[in-house]
Amino acid sequence: MNARVVIVGTGGTIAGRGASAAHTATYDCSVETVDDLLDALPGARDLADIQTAQLFQTGSENFGNEELLGLARHVRALLKRDDIDGVVVTHGTDTIDETAYFLHLVVPSAKPVVVVGAMRPASALSADGPLNLYNAIVVASSAASRGKGTLVVSNDEIHSARDVVKTSTFKQEAFRSTFGPLGYVVEGRARFYRLVARRHTVESEWSIDTIQALPEVAIVYAHGGINRTVIEHMACSDVDAIVYAGTGNGNVAHELIDSLVKARARHIHIVRASRTGSGIVIRNAAQPDDRYGWIAADDQVPHKARILMMVALTGTRTTHALQEAFVTY
Ligand code: GLU
């Protein structure tokens, strides 16, 4: 029997259309419906029993906390049904790594959830969306994909939502996982070679079933000559936490230390991350985190550290438990 898969459309370049086939990077985003995409995909309906739902139709840079919550609730409701085996989410690539990581942390199901996008619009020469979508349906239909957490399929690769990051504005090989993809999808078959060691989905301590709202977590990006005023403004706002995308190993300029310490005294959590894009921010190395009550992001990039921090803050406000989340997920 074919697997029963729902494709949930949210927009993005995968649903984009350009003025001509030569337009690979300038186009109208989020115009094709998920049914349009499916109808244009030869053989897709042979892969699985497919249903579709158009949840949003927008570029993923427009995703806020309400979209994250709405999508997670929708996916969770689908996966609770006995007549659905897996879900594919079509999504803009700009924040696909954030959304996928959110689902990975809060949707407690072993059924496959595959988030897929494209770097070129559907109308472009060598559009990557059709094969990416075809491959996503393959992965969502495969029993081998169960229990592996939320997956991102792109350019023949299957990535874990925990590790994957968008690394290019235009190249088809835009997605990278520090430790490599989990596997490949080639010739209609999902092939897995490794697993992620960190907790997710059914082993996560959080669930969209009980999350009503998400806290506000902001990111500050470090640079030479940075001025403290941005931190001082944030300390007077209603943010619950600041992820500081520091230089190198989460280094913090002298200029900022005092304002970050004061922000923490106002019960705003501080997460030290790194703007380098890879590597570990080590607790109590570049800064005395224990003394300041700060948190080190381990190996998570700043925009995904923000997702983990939002989710973790729904369950605890203690620095110790929040730090534990960064070495557990
Ligand atoms: N900015 C759009 C988005 O994230 C287009 C980028 C893309 O999908 O590749 O939805």
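Every number for a ligand or one of its atoms is a count from 1 in the order of the listing.
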Peer 1: With atoms numbered from 1 as shown, which atoms in ligand 1 lie under 4.0 angstrom from a non-hydrogen atom of Gly12?
Peer 2: 8 (O), 10 (O)

Peer 1: Tell me whether Asp128 is salt-bridged to Arg120, with the criterion being a basic N under 4.0 Å from an acidic carboxylate O.
Peer 2: no

Peer 1: Does Asp94 reach ligand 1 with a nitrogen or oxygen that is under 3.5 Å from one of the ligand's nitrogen or oxygen atoms?
Peer 2: yes

Peer 1: Does CD1 belonging to Ile280 count more than 12 external heavy atoms closer than 6.0 Å?
Peer 2: no

Peer 1: Hey, mind stepping through Thr10 and His91 against side chain to side chain donor-acceptor pair (under 3.5 Å) and telling me if it holds?
Peer 2: CA-CA 5 Å; Thr10 74; His91 198 289; 4.6 Å; no

Peer 1: Indicate yes or no: does Arg317 engage Asp240 in a salt bridge with an N to O separation below 4.0 Å.
Peer 2: yes

Peer 1: Salt bridge check: are Asp36 and Arg17 linked by an N-O gap of less than 4.0 Å?
Peer 2: no

Peer 1: Enumerate the atoms of ligand 1 whose separation from the nearest heavy atom of Ala118 is less than 4.0 angstrom.
Peer 2: 7 (C), 8 (O), 9 (O)

Peer 1: Quick one: do Lys111 and Asp85 make a salt bridge, cutoff under 4.0 Å?
Peer 2: no

Peer 1: Measure from atom 7 (C) of ligand 1 to every heavy atom in Asp128, Thr95, Asn62, Thr13 and give the option owning the shortest one.
Peer 2: Thr13

Peer 1: Would you mind listing which atoms of ligand 1 come within a distance below 4.0 Å of any non-hydrogen atom of Glu61?
Peer 2: 1 (N), 2 (C), 3 (C), 4 (O), 10 (O)

Peer 1: Is Thr93 in polar range of ligand 1, meaning some N or O pair under 3.5 Å apart?
Peer 2: yes

Peer 1: Check whether any N or O atom of Ser60, backbone or side chain, sits under 3.5 Å from an N or O atom of ligand 1, and answer yes or no.
Peer 2: yes

